[in-house]
Amino acid sequence: MGDQNYSPEELQHRTRADASGKKGWQSQAYALGAISNFVSTFLTFPIYKVVFRQQIHAVAVSDAMRQLWHEGPKYFYRGIYPPLLSKTLQGTLLFGTYDNLLARLSPAGPHSLAHRWVAGLMSGVVEAVALNPFERVQNVLQDGRKQARFPSTLSILKEFNSYGVWGRLSLGYYRGFWPVLVRNSLGSALYFSFKDPIQDSLAKQGLPQWVPALVSGSVNGTITCLILYPLIVLVANMQSHIGWQSMPSLWASVQDVWDTRGRKLFLIYRGGSLVILRSSVTWGLTTAIHDFLQKSYSRKEPKD
């Protein structure tokens with residue numbers, strides 16, 4: 001029976017039910033997540049870089065853009081490969097792990113809030129463990145103060161590998177891991193817990209099929225990002241440090257961020273306007289693309 005006979009809301013529920021009822025490991029969930037994140041990351045990287053400069057230097061939007069302008073087009077896309085690779089891997093792990101865990105927590109459906117929360121939390125843990133090294137290298141590359149000393153990814157990797165076995169992990173690849181773990185696990189739990197309910201409520205309004213997913217991803221991603229924004233700033237500052245002689249502890253990093261922002265919460269949220277824009281566009285596109293691919297896959301898949 002063709003899907004064209006179903007309303008957008010019914011089609012969404014059928015697509016999720018089909019995915020929940022599959023036996024075995026769902027490899028297509030990983031592929032759909034990878035494609036969704038690759039496209040959205042490529043389109044939104046310029047916004048991300050401006051936001052990163054604000055987090056590091058605590059400057060206004062215009063000052064961050066002026067920095068990039070003075071550096072020239074040669075450096076504008078400097079650092080794009082680590083986030084492109086890491087965000088593609090993020091989508092692979094995030095959506096793939098979530099869908100498979102959810103199918104095992106609630107094989108027949110429907111999925112409760114608790115099921116979505118646990119599956120989202122665990123997918124965020126997997127994501128943090130796998131992607132912390134990528135984010136670490138990316139944050140060093142995008143710090144303009146490090147361009148002369150570390151002009152490439154290879155130069156950063158050589159520095160990390162010179163620290164010794166334990167130093168490579170604690171000071172190198174997994175610098176800032178604990179705030180990353182908290183940020184990613186809570187962020188994933190929040191995103192997946194409320195993504196589908198928001199999308200379902202919008203689908204009842206008779207909107208075009210792509211609109212509920214886009215709006216749901218935008219709203220949900222923005223709220224999640226704003227809640228966790230202090231952790232985002234902390235991670236960016238911790239991971240921009242390099243060299244074993246200049247590695248402040250987690251608590252010292254928290255105090256440094258608080259002091260450099262004048263001990264005022266609203267200064268920690270400097271650049272919040274761009275964070276809202278980046279989160280809205282990135283998660284809106286990611287959710288809409290993933291929803292489209294998932295429905296397309298479900299239509300083409302042979303039925304038993």
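Since the structure is predicted, the reported quantities are computational estimates derived from the model, not experimental observations.
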Quick check against the 3.5 Å criterion: does [X] have a side-chain atom that pairs as donor or acceptor with the backbone of [Y]?
{"X": "Y174", "Y": "V129", "result": "yes"}
{"X": "T282", "Y": "S279", "result": "no"}
{"X": "Y269", "Y": "L226", "result": "yes"}
{"X": "R168", "Y": "Y173", "result": "no"}
{"X": "K195", "Y": "N220", "result": "no"}
{"X": "R183", "Y": "A128", "result": "no"}
{"X": "S280", "Y": "T222", "result": "no"}
{"X": "D256", "Y": "A252", "result": "no"}
{"X": "T224", "Y": "G221", "result": "no"}
{"X": "S216", "Y": "A213", "result": "no"}

Is it true that [X] and [Y] fall in one hydrophobic cluster, defined by side-chain heavy atoms closer than 4.5 Å?
{"X": "Y229", "Y": "W258", "answer": "yes"}
{"X": "W178", "Y": "L171", "answer": "yes"}
{"X": "L214", "Y": "I198", "answer": "yes"}
{"X": "V126", "Y": "L181", "answer": "no"}
{"X": "I223", "Y": "L231", "answer": "yes"}

Once rounded to the nearest 0.5 Å, what's the spacing between atom [atom1] of [X] and atom [atom2] of [Y]?
{"X": "M122", "Y": "L102", "atom1": "CE", "atom2": "CG", "value": "13.5 Å"}
{"X": "T287", "Y": "Y191", "atom1": "OG1", "atom2": "OH", "value": "2.5 Å"}
{"X": "L234", "Y": "L250", "atom1": "CG", "atom2": "CG", "value": "6.0 Å"}
{"X": "Q138", "Y": "I156", "atom1": "CD", "atom2": "CD1", "value": "10.5 Å"}
{"X": "L141", "Y": "Q147", "atom1": "CG", "atom2": "CD", "value": "9.5 Å"}
{"X": "L228", "Y": "I232", "atom1": "CG", "atom2": "CD1", "value": "6.5 Å"}

Taking the side chain as every heavy atom from C-beta outward, state whether [X] and [Y] have any pair of such atoms under 4.5 Å apart.
{"X": "Q255", "Y": "P248", "result": "no"}
{"X": "R175", "Y": "S253", "result": "yes"}
{"X": "F194", "Y": "V219", "result": "no"}
{"X": "L202", "Y": "V211", "result": "no"}
{"X": "L157", "Y": "V137", "result": "yes"}
{"X": "Q67", "Y": "D63", "result": "no"}

Heavy-atom pair of closest approach, residues [X] and [Y]:
{"X": "G172", "Y": "R136", "value": "O-NE, 2.7 Å"}
{"X": "R116", "Y": "H111", "value": "NH1-O, 2.8 Å"}
{"X": "I242", "Y": "K146", "value": "CG2-CE, 3.8 Å"}
{"X": "L190", "Y": "W117", "value": "CD2-CZ3, 3.8 Å"}
{"X": "G120", "Y": "Y98", "value": "N-CD1, 3.6 Å"}
{"X": "N237", "Y": "V233", "value": "ND2-O, 2.8 Å"}

Requested in this report: Take Y81 and T153, measure what side-chain contact (heavy atoms from CB on, under 4.5 Å) needs, and give me the verdict at the end.
Outcome: CA-CA 9 Å; Y81 294 112; T153 300; over 6 Å; no
task = With side-chain contact (heavy atoms from CB on, under 4.5 Å) as the test, would you mind laying out the steps for H115 and S112 before giving the verdict?
result = CA-CA 5 Å; H115 290 145; S112 67; 3.1 Å; yes
Discussion item. For Y163 and F160, take the angle between the two ring planes, folded into 0 to 90°, and tell me which bin it lands in: parallel under 30, tilted 30 to 60, perpendicular over 60.
Written reply: tilted
Angle between ring planes, H290 versus F95, binned at 30° and 60°: parallel, tilted or perpendicular?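 H290 vs F95 ring planes: parallel.
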State whether D200 and K204 are salt-bridged, where the test is any N-O pair (Lys NZ or Arg NE/NH1/NH2 against Asp/Glu carboxylate O) under 4.0 Å.
no
Run Q199 and D196 through side-chain contact (heavy atoms from CB on, under 4.5 Å) and show every step you take. CA-CA 5 Å; Q199 186 173 340; D196 288 343; 4.2 Å; yes
- request: With Q239 as reference, evaluate V140, D143, N139 under the side chain to side chain contact (heavy atoms under 4.5 Å, CB included) test and give the passing residue.
  value: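 When side chain to side chain contact (heavy atoms under 4.5 Å, CB included) is applied between Q239 and each of V140, D143, N139, only N139 qualifies.
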* Which side chain to side chain donor-acceptor pair (under 3.5 Å) pairs, counting each pair once, include a residue from residues 34-43, with sequence neighbours left out? ->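 Found N37-Q90, S40-T286.
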Sorted by chain and residue number, the side chain to side chain contact (heavy atoms under 4.5 Å, CB included) partners of L68 (sequence neighbours excluded) come out as K49, V50, R53, E71, F76
For side-chain contact (heavy atoms from CB on, under 4.5 Å), just list the numbers for L169 and F177, CA-CA rounded to whole Å, side-chain angles, deciding distance to a tenth of an Å, and then say yes or no. CA-CA 10 Å; L169 298 176; F177 173 70; over 6 Å; no
Residue F292 excluded, over 12 heavy atoms near CZ under 6.0 Å
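Counting neighbours around CZ of F292, 12 or fewer heavy atoms of other residues, nucleotides or ligands fall under 6.0 Å, so no.
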